[in-house]
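Small disclaimer: the values here were computed from a predicted structure and weren't measured. Counting from 1, the numbers follow the sequence of the chain as shown. Below, each value reflects all heavy atoms present in this structure, side chains not excepted, and no hydrogens, waters or symmetry copies. Each ligand, and each atom within it, is numbered from 1 in the order the structure gives.
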Amino acid sequence: MTNRLDDLELKARSLEPDADSRAELTRQAFDYAQTYLDSIASAPAYSDKFVSEDSLIRADFSEEGIGFERVLGMLEKDVDTVGINTTSGRFVGYIPGGGLFHSAIGDFLAAVSNRFAGVAFASPGANRIEDQCMRWLADLVGYPASFGGYLSAGGSLANFTAIVAARDAHDVEGEHISRSVVYLTEHAHHCIDKALHLSGLGRCPVRRIAVDERYRMDVDALESQLRADVEKGLTPFLIVATAGTTNTGSVDPLRPIGKLATRFSAWYHIDAAYGGLFALCEETNELFEGMDLSDSIVLDPHKTLFLPYGTGALLVRDKEHLLTSHAAGADYMQDAIHIRATSAATVSPELTKHFRGLRMWLPLQVLGIAPFRAGLAEKLHLARYFYDRISELPNWEVGPVPDLSVVIYRYVPTGSDADSFNEKLVEAVHKDGRIFVSSTKINGVYMLRMAAVCFRTHKKDIDDIIDVLTELASLILVK
Ligand SMILES: *Cc1c(COP(=O)(O)O)cnc(C)c1O
């Protein structure tokens, strides 16, 4: 017995590296990170390479392991240089973020001490830190102290949790479902449809409310639809406004929509995953006026607070709604739940979770809010700069003046089809790799998008992006 235990302890020993091994592992990881970060300025924003069939990252795990050095080599070859490079300042597709180094350090420390962030009893400090992050966001939104919320894995999950809370607060179940109407625009994020389905509300009638020429929800159209539905004996259940649409960055008129929600007793949800943190900037805070009227709101720190992926935030004006939706108990939790402080686990679907508050709290504490505000304001000005420069170039056409930091635009060739030209252009951009832009369809028209969100995107990057776009467009023209 003793021999067997000694033997097993010995064989498992590598799970606990000694001080020298820790120093060596950290040095290797740190050197790798330094080389990676030092090369970003010249690295491609996209590589269409694929992970080959015989790539080492596909190899089966062995009993003995292959060592850290070889693993770093695999990361470098088949992970960190393949696909979209979301850390590049010239990556302006979808909604970027960048991935703050200070957050990476926070993640490292959180993983080393492995604080149990789900329950206040287990780690009062980790809970306090998440709470602190939520309070800061709640102040920005204008919620009262009785709000509730949590840091989720992302915006989709946060939107899902909001819709579950709305469903429970309005008792939307059984035959009520097909009479409970949801209102949003065609520019609402597709995760809302997914959340409705996941929460059992797939049969709710959904009204896509018309938008104005700047792709913001038309409040008069919303009002008419609400009235029409009430006349038909239906119940207005949920109004979803988007504060910063993914397509065009448009902000729906938050206060007028909120007033209608109150008048028609509907739950008012704001999806501000991309846009909400622009409320930190004086240039745009007026657009966010009325956020405080909502019943729930989602923000994505892994977008506009530049955090690495894995951090969204849900806030609900009245914490009771979250407590109701997530109430549960278990005998094996009896020591943990006598503490009255609200725990993340009592207001969200998760229990054991990564101490993700640290990756947000640490950079805000160390660096202060000012550089975040400046970084976001810079993005707003860069979007205007891009908009102005592109609209001055011959044959380039822009959409409406951007509300935030997304610009839609396209090249209109003389005498040939614009849609297929811009499709070719996106293909050429992706093949080239120096920059990355994505595309969308607006009213059936193929448009290009430029989303300035990454903290590493500066004026020089925007100039480079315009140079590459014009260069590649002219190459297509001569073909
Ligand atoms: C990104 C985004 C989402 C989805 O959030 P994830 O963090 O990607 O899950 C939802 N709504 C809007 C407006 C977004 O921009």
- Message: Measuring from atom 15 (O) of ligand 1, which candidate in His187, His189, Lys303 has the nearest non-hydrogen atom?
- Response: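 Answer by nearest heavy atom: Lys303.
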Proximal atoms of ligand 1 relative to [X] (non-hydrogen, under 4.0 Å):
{"X": "Ser156", "result": "4 (C), 5 (O), 6 (P), 9 (O)"}
{"X": "Tyr274", "result": "15 (O)"}
{"X": "His302", "result": "7 (O)"}
{"X": "Thr246", "result": "12 (C), 13 (C), 14 (C), 15 (O)"}

- Query: Can you find a pair of side-chain heavy atoms, one from Tyr183 and one from Ile257, that are under 4.5 Å apart?
  - Reply: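 Side-chain contact under 4.5 Å: no.
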- Is Phe108 atom CZ crowded by more than 12 heavy atoms from other residues, nucleotides or ligands, each under 6.0 Å away?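 Check fails, neighbour count at 12 or below.
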- Message: Minimum heavy-atom separation for Met217 and Leu184, please, with both atom names.
- Response: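 Looking at all heavy atoms of both residues, the shortest contact is CE-CA, 3.9 Å.
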- Message: How close do Val407 and Ala383 get, counting heavy atoms only, and between which atoms?
- Response: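 Looking at all heavy atoms of both residues, the shortest contact is CG2-O, 3.5 Å.
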- Query: Got a donor-acceptor contact below 3.5 angstrom from the Ser250 side chain to the Arg214 backbone?
  - Reply: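 Side chain of Ser250 to backbone of Arg214, a donor-acceptor pair under 3.5 Å: yes, one is there.
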- May I ask you to say whether Lys303 pairs ionically with Asp271, meaning some side-chain N is under 4.0 Å from a carboxylate O?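 Not counted as a salt bridge, because no side-chain N and carboxylate O are separated by less than 4.0 Å.
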- Are Arg255 and Asp292 close enough for a salt bridge, meaning some N to O gap below 4.0 Å?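 A salt bridge is present here (some side-chain N lies under 4.0 Å from a carboxylate O).
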- Query: Side-chain donor-acceptor pair under 3.5 Å between Asp78 and Ser55, yes or no?
  - Reply: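 Side chains of Asp78 and Ser55: pair found under 3.5 Å.
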- Task: May I ask whether Gly244 places a heavy atom under 4.0 Å from ligand 1?
- Result: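 True for this residue.
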- Task: Run the contact test for Cys191 against ligand 1 with a 4.0 Å cut-off on heavy atoms, strictly below, and give the result.
- Result: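 Distance cut 4.0 Å: Cys191 passes for ligand 1.
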- Message: For ligand 1 and Thr245, I'd like to know whether there is a polar contact (N/O to N/O, distance under 3.5 Å).
- Response: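 There is no such contact.
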- Please determine if Thr242 has a nitrogen or oxygen closer than 3.5 Å to a nitrogen or oxygen of ligand 1.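 Not met; the criterion fails.
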- Item | Nearest neighbour in protein (non-hydrogen) for atom 6 (P) of ligand 1 |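 Result for atom 6 (P) of ligand 1: Gly155 N, 3.4 Å.
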- Nearest to atom 13 (C) of ligand 1, what protein heavy atom do you find, and at what distance?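 Result: Asp271 OD2, 3.4 Å.
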